[in-house]
Amino acid sequence: MTELPKAYDPAAVEPDLYEDWLAAGLFSADPDDEGEPFAIVIPPPNVTGALHIGHALTNAIEDAMVRRARMQGKNAVWIPGMDHAGIATQNVVEKQLAAEGTDRHELGREAFVERVWEWKEESGGRILDQLRKLGSSLDWDREAFTFDEPRSRAVREVFVSLHEQGLIYRGNRLINWCPRCHTALSDIEVDHSDDVGELARFRYPFADDPDGGIEVATTRAETMLGDTAIAVHPDDERYADVVGREVRHPFQDRTFRVIADDYVDPEFGSGAVKITPAHDPNDHAIALRHDLEVIDILAEDATLTDVVGERFAGLDRFEARRQVKEELDALGLLLGVDSHEHSVGHCSRCDTVVEPRLSDQWFVEVRPLADKAAQAVRDGRTRLVPDRFTKSFLDWLDGLHDWTISRQIWWGHRIPAWYCPDGHITVTREDAPTACTECGQGGLVQDEDVLDTWFSSQLWPFTVFGWEKPGDTTPELETWYPTAVLETGYDINTFWVSRMLMIGLWFLDEVPFRVIYNHGMVRDQYGKKMSKSFGNVIDPLEFIDEFGADALRFALFQHSSPGTDVPLAPEWVEGAKRFTNKLWNIVGFGLRVLDDARPGALPPREQLALEDRWILSTLERTRAQAEDAYATWDYARISGALYHLAWDELADWYLEAVKPRVYGDDPDTKATAQAVLARVLDDLLRLLHPMIPFVTEQLWRALTGAAGGPESLMVAPYPTGRPDDLDEDAEAGFAAIRDLVTEVRRFRSQNGVAPSARFELTVTSSARGVLEGHRTLVTSLAGLSDVTFVDALEDRPGTSTIVLDGGQAQVELAGLIDVDAELARIDKELARAEGDLRGVEGKLGNANFVDKAPAEVVQQQRDRQVELTRTIEELTAQRGALADLTS
RNA sequence: GGGCGCGUAGCUCAGUGGUACGAGCGCCGCCUUCACACGGCGGAAGUCGCUGGUUCGAUCCCAGCCGCGCCCACCA
């Protein structure tokens with residue numbers, strides 16, 4: 001058989017294997033094929049740059065899922081694709097333009113969008129390369145993009161349908177506005193953080209009594225320029241006679257009233273609230289109840305408009321905040337400015353502080369959709385893994401507000417709505433409608449806005465299967481929808497998962513996925529979130545180049561349990577690399593000793609040796625453990641179980657145990673050993689393949705002689721149960737041997753007996769039967785010259801006793817140890833230890849040292865004193881025992 | 001303010017109602033033994049956050065507390 005290179009070199013193996021899989025069409029699936037359907041759609045990565053380590057985790061997990069399903073004979077498909085990622089991608093390109101000293105407005109809309117497409121090609125190409133390097137077995141023939149033609153048609157159909165159903169509407173409402181991105185945002189695109197700000201208290205003078213007035217407070221002083229009322233609680237007696245009175249605006253020539261509303265908390269501050277209907281959601285609600293005037297003071301870039309008056313017009317909001325306070329102070333109206341911690345909304349894409357702003361936007365009325373989705377979760381038609389995410393998922397659905405879907409950016413699906421000169425709205429499937437549906441006029445102009453990127457991503461689980469409009473059906477949809485599992489990080493359950501669930505149920509009347517599997521976030525070795533600002537992000541390609549894709553994957557699996565964050569350090573990946581190398585050498589050993597034996601049928605059970613039955617039993621038990629862990633996609637357990645099997649059981653014990661036979665001359669026992677070894681290696685590679693596809697494929701080809709191409713481990717059957725292999729007697733028997741061997745090794749280590757030194761052992765044990773029956777095995781593993789079994793040990797001088805599990809072993813010390821040399825060694829060590837101890841005690845006896853040295857250092861010396869004292873005691877005891885021998 | 005999770009060896013994490021079997025990395029000692037020094041063998045190291053309770057018995061169950069993290073939330 002082929003000799004393998006001595007060490008595993010991933011770079012020499014991985015690229016070719018991927019090409020080979022591709023060429024053989026092993027990633028391609030056909031809806032008409034046999035087998036239980038099993039589909040996963042990739043969470044389409046944003047074309048904003050390159051994949052980060054979190055993507056590596058997602059893709060490793062999904063690849064393992066789909067590879068295992070494929071090996072199990074399922075009709076498995078994994079759909080690739082990317083997301084155009086509206087605002088995020090536009091921001092990337094805008095930054096590029098800024099670096100070039102220009103901006104999108106200078107370029108114009110058409111040229112800008114063209115430019116983003118160019119970037120999409122570049123970024124997308126890089127992502128594609130990364131996905132391949134990771135080993136992702138994606139069906140590339142089915143690659144989709146959220147902004148390609150078929151997906152765009154579906155987006156328009158969904159928009160128009162929902163509009164026809166009255167679930168999409170246009171309205172003038174208070175929305176979240178990002179002054180930097182110049183667009184509306186949905187609620188979940190706003191990240192709240194508790195920031196330390198200021199609470200400014202000031203007085204609004206009464207219109208008829210400039211020296212009197214009412215105290216209010218605000219964190220955004222500039223909003224007072226748009227105040228149109230002051231509200232107090234109806235039951236607040238302090239203000240009972242103030243309600244209805246007018247106050248005068250200090251900077252503008254207008255007055256407004258004090259009103260009463262339940263919303264006000266009398267306990268907070270003065271108990272009176274200034275009302276800015278255009279820039280605060282609560283105030284807006286109050287304005288509607290009381291029919292207040294609404295004054296919009298903010299421009300798109302959050303500078304103040306002319307309505308605020310000459311003094312402040314044109315100022316940036318933060319500058320205005322400062323100056324308003326100054327002016328109030330100058331007028332003697334400012335009562336104080338206190339530090340105040342409060343929640344501030346930031347744009348999730350650029351971190352700019354968002355402003356509530358009144359504007360015309362498109363909305364989805366989500367209630368009916370959300371109710372359906374929540375019902376599906378409650379019915380168990382789809383379930384979350386781990387289950388603990390279910391509650392917050394449902395809470396979120398239950399409390400959902402209407403979804404702002406229009407964005408004032410250029411990169412995205414243009415809203416299929418047109419306006420006639422009279423402002424009537426025509427929503428249509430047509431590309432270029434010529435007549436207003438309301439008045440029949442021509443000269444229609446399309447809405448400038450584009451859709452929230454999630455509006456198209458939500459259609460992903462069915463548009464990738466050819467769905468373009470309600471009622472569509474395709475072979476792919478019939479076979480693969482609902483998909484088996486939606487695997488993604490818990491951070492996008494609200495953004496993406498919930499929306500897919502809502503819209504999938506709405507248009508296809510069936511959940512888009514039966515399981516929502518949430519993996520955790522990848523963190524660094526200190527548990528810190530990886531982020532650009534921390535400077536701790538690592539490019540997956542760096543790991544792959546250094547350790548191989550399998551190593552990166554395995555390291556991620558080793559720490560990945562459902563919903564649990566995954567810490568990752570270079571050392572972890574290095575450790576996983578060592579595992580792949582170990583595997584390489586395990587199989588390499590196998591190849592050297594198997595002669596022409598290939599995995600196949602085993603000899604009858606009675607021909608198997610104890611160690612054979614033990615390893616087969618262990619293999620089956622581990623396989624079952626992995627199987628159980630797969631039921632919950634607990635990759636930390638799965639990888640842990642298989643790692644343990646390969647390294648601690650197979651490599652450390654079985655391979656050593658089997659050497660006497662495979663290197664021996666007895667053709668029968670040799671053939672049996674070879675058959676078992678081949679079987680175990682074969683199964684191990686199959687079990688590991690979904691997680692570490694490259695190294696296992698390469699080794700499996702060497703082991704089985706498979707030619708590659710269609711002869712691939714990728715499509716070899718995944719091991720199913722062999723319950724007959726479970727053998728408790730063999731496990732117990734081998735455990736007894738193992739115990740004896742380990743105790744002998746410990747004896748050697750503690751007594752300075754070289755591993756190469758042979759000696760005799762006299763043993764008494766409750767496991768005598770097994771041990772005696774496997775004399776060769778015992779002596780070879782423990783490095784003994786001979787072993788004798790007795791009913792009871794005699795108490796003999798000059799011997800040492802080794803305690804066993806259920807027995808004892810006796811070693812003749814004479815001759816085993818060169819007593820004089822050992823005595824000399826011990827004396828030398830003793831002298832050194834005593835010298836050290838004197839030094840330490842000298843220091844500790846020095847009052848100067850004890851008083852002045854840092855407590856830590858003193859303690860260090862004390863610890864060392866204790867340690868040295870103990871060492872000396874032990875050495876002295878050893879010396880005594882040895883001296884007895886010579887006398 | 002609400003919800004979720006976490007606090008076990010120096011580090012990152014497993015783990016179970018019955019003396020912590022812990023793992024990887026790190027550390028100490030021995031070994032270049034014919035698969036592997038990306039290795040082998042042996043070893044040191046933990047009041048299982050704190051306080052109560054349930055129990056024959058809790059690191060694991062319950063309650064409270066302390067600390068940390070995350071998510072959600074329209075209190076000026």
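The figures here come from the full heavy-atom set of this structure, side chains too, leaving out hydrogens, waters and symmetry mates. Below, chain A is the first sequence line, B the second, and so on; all start at residue 1.
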Q. Counting side-chain heavy atoms from CB outward, which of B:rC36, B:rG40, B:rG43 is closest to A:Gln750?
A. B:rG43
(Q) Closer than 4.0 angstrom, basic N to acidic O: yes or no for A:Arg383 and A:Asp387? (A) no
Q) Between B:rU54 and B:rC68, how far is it from one P atom to the other, in whole Å? A) 31 Å
Q | A:His401 or A:Arg637, whichever maps to the more 5' nucleotide of RNA chain B | A | A:Arg637
Q | For atom CD of A:Gln558 and atom C1' of B:rA14, their distance in whole Å | A | 12 Å
Q. Which residues in residues 215-224 of chain A have at least one heavy atom lying under 4.0 Å from any atom of RNA chain B?
A. A:Ala217, A:Thr218
Q: Assign A:Thr564 to base, sugar-phosphate, or nothing according to its heavy-atom contacts below 4.0 angstrom with the strands shown.
A: sugar-phosphate
Q) Considering only side-chain heavy atoms of A:Asp265, which listed nucleotide, B:rC13, B:rC31, B:rC75, is closest? A) B:rC75
Q.
For the C1' atoms, the ones on B:rA45 and on B:rG26, what distance do you get once it is rounded to whole angstrom?
A. 12 Å
Q | Basic-acidic side-chain contact under 4.0 Å: A:Asp665, A:Lys670 | A | no
Q | Polar side chain donor-acceptor pair, A:Thr580 to A:Asp550, under 3.5 angstrom | A | no
Q.
If you only use heavy atoms from C-beta on, which nucleotide in B:rG40, B:rG3, B:rC13 is closest to the side chain of A:Lys391?
A. B:rG3
(Q) Looking at A:Asp236 and A:Arg238, would you say the former's side chain and the latter's main chain have a donor-acceptor pair under 3.5 Å? (A) yes
(Q) Heavy-atom nearest nucleotide on RNA chain B for A:Pro266 versus A:Thr742: which residue maps closer to 5'? (A) A:Thr742
Q.
Would you say A:Lys582 places a side-chain N or O within less than 4.0 Å of OP1 or OP2 belonging to B:rG40?
A. yes
Q. Going by an N to O cut-off under 4.0 Å, is there a salt bridge joining A:Asp283 and A:Lys274?
A. no
Q. Between atom CD1 in A:Ile492 and atom P in B:rC70, what is the gap in whole Å?
A. 19 Å
Q) Taking atom P in both B:rU12 and B:rG49, what distance in whole Å separates the two? A) 15 Å
Q. So do the side chains of A:Arg499 and A:Trp403 get within less than 4.5 Å of each other, counting heavy atoms only?
A. yes
Q | Short side-chain N/O contact to B:rC41 OP1/OP2 from A:Trp653, under 4.0 Å | A | no
Q. What does A:Leu568 touch in the nucleic acid at a heavy-atom separation under 4.0 angstrom: a base, only the sugar-phosphate, or nothing?
A. nothing
Q: With heavy atoms under 4.0 Å as the rule, sort A:Val587 into base, sugar-phosphate or nothing.
A: nothing
Q) Under 4.0 angstrom, heavy atoms only, what part of the nucleic acid is A:His342 near: base, sugar-phosphate, or nothing? A) sugar-phosphate
Q. What integer number of Å spans the P atoms of B:rC36 and B:rG18?
A. 43 Å
**Q.** Runs of at least three Watson-Crick or G-U pairs with RNA chain B, cut-off 3.5 Å
**A.** B:1-7 with B:66-72, B:10-13 with B:22-25, B:27-31 with B:39-43, B:49-53 with B:61-65
Q: State plainly whether the residues A:Arg321 and A:Glu198 are in salt-bridge range, i.e. N to O under 4.0 Å.
A: no
Q: State which of B:rC75, B:rC70, B:rC38 makes the closest approach to the side chain of A:Arg523.
A: B:rC70
Q. Where the side chain of A:Ser343 is defined as all heavy atoms beyond and including C-beta, which of B:rA73, B:rC75, B:rC36 is the nearest nucleotide?
A. B:rA73
Q. How is A:Ala231 classified with respect to the nucleic acid when contacts are heavy atoms under 4.0 Å: base, sugar-phosphate, or nothing?
A. nothing
**Q.** Candidates B:rC25, B:rU12, B:rC41 - which lies nearest the side chain of A:Glu571
**A.** B:rC25
Q: Could you give the distance separating B:rC48 and B:rG22 at their C1' atoms, to the nearest angstrom?
A: 12 Å
Q. Atom CZ of A:Phe554 and atom P of B:rG24: how far apart are they, to the nearest Å?
A. 12 Å
**Q.** Nucleotide of B:rC4, B:rG43, B:rC36 approaching A:Lys6 most closely (side-chain heavy atoms)
**A.** B:rC36
Q. Of all the choices, B:rC41, B:rG42, B:rC36, which nucleotide is nearest to the side chain of A:Arg746 once you look at every atom?
A. B:rG42
Q. OP1 or OP2 of B:rG43 sitting under 4.0 Å from any side-chain N/O of A:Arg745?
A. no
Q: Starting from C1' on B:rG43, measure out to CD on A:Glu743 and report it in whole angstrom.
A: 13 Å
Q. Is any NZ, NE, NH1 or NH2 atom of the basic residue among A:Glu222 and A:Arg317 found under 4.0 Å from an Asp or Glu carboxylate oxygen of the other?
A. no
Q. Should A:Asp648 and A:Tyr643 be marked as a side chain to side chain donor-acceptor pair (under 3.5 Å) after you check the CA-CA gap, both sets of side-chain angles, and the distance that decides it?
A. CA-CA 8 Å; A:Asp648 304 333; A:Tyr643 178 101; over 6 Å; no
Q. Given the P atoms of B:rG3 and B:rU8, what is the spacing between them in whole Å?
A. 25 Å
Q) How would you label the contact of A:Phe389 with the nucleic acid (heavy atoms, under 4.0 Å): base, sugar-phosphate, or nothing? A) nothing
Q: Take the protein atom CG of A:Leu384 and the nucleotide atom C1' of B:rC4, then report the distance between them rounded to whole Å.
A: 13 Å
Q. Is the shortest side-chain N/O distance from A:Lys659 to OP1 or OP2 of B:rU33 below 4.0 Å?
A. no
(Q) Rounding to an integer number of Å, can you tell me how far A:Leu642 CG sits from B:rA23 C1'? (A) 15 Å
Q) How close or far is atom P of B:rA73 from atom CG of A:Asp395, stated in whole angstroms? A) 11 Å
Q: Let me see the working for A:Lys577 and A:Phe554 under side-chain contact (heavy atoms from CB on, under 4.5 Å), right down to the final yes or no.
A: CA-CA 8 Å; A:Lys577 164 71 198 304; A:Phe554 201 72; over 6 Å; no
Q: Determine, for A:Glu731 against A:Arg738, whether the closest basic-nitrogen to carboxylate-oxygen distance falls under 4.0 angstrom.
A: no
Q: Ignoring backbone atoms, test whether A:Arg578 places a side-chain nitrogen or oxygen under 4.0 Å from the OP1 or OP2 oxygen of B:rG39.
A: yes
Q: Remember a base hit wins even if backbone is also touched, and classify A:Asp280 as base, sugar-phosphate or nothing at under 4.0 Å, heavy atoms.
A: nothing
Q | Rounded interatomic separation in angstrom, taking CD1 from A:Ile230 and P from B:rC75 | A | 21 Å
**Q.** Inter-nucleotide C1' distance (B:rC50, B:rA37), Å rounded
**A.** 46 Å
(Q) Suppose you measure atom P in B:rG43 against the same atom in B:rA23; what distance do you get, rounded to whole Å? (A) 11 Å
Q. So A:His559 and A:Trp572, would you call those rings parallel, tilted or perpendicular, with 30° and 60° as cut-offs?
A. parallel
**Q.** Basic-acidic side-chain contact under 4.0 Å: A:Arg746, A:Glu743
**A.** yes
Q.
Among B:rC13, B:rG24, B:rC31, which nucleotide has an atom closest to any side-chain atom of A:Pro755?
A. B:rC31
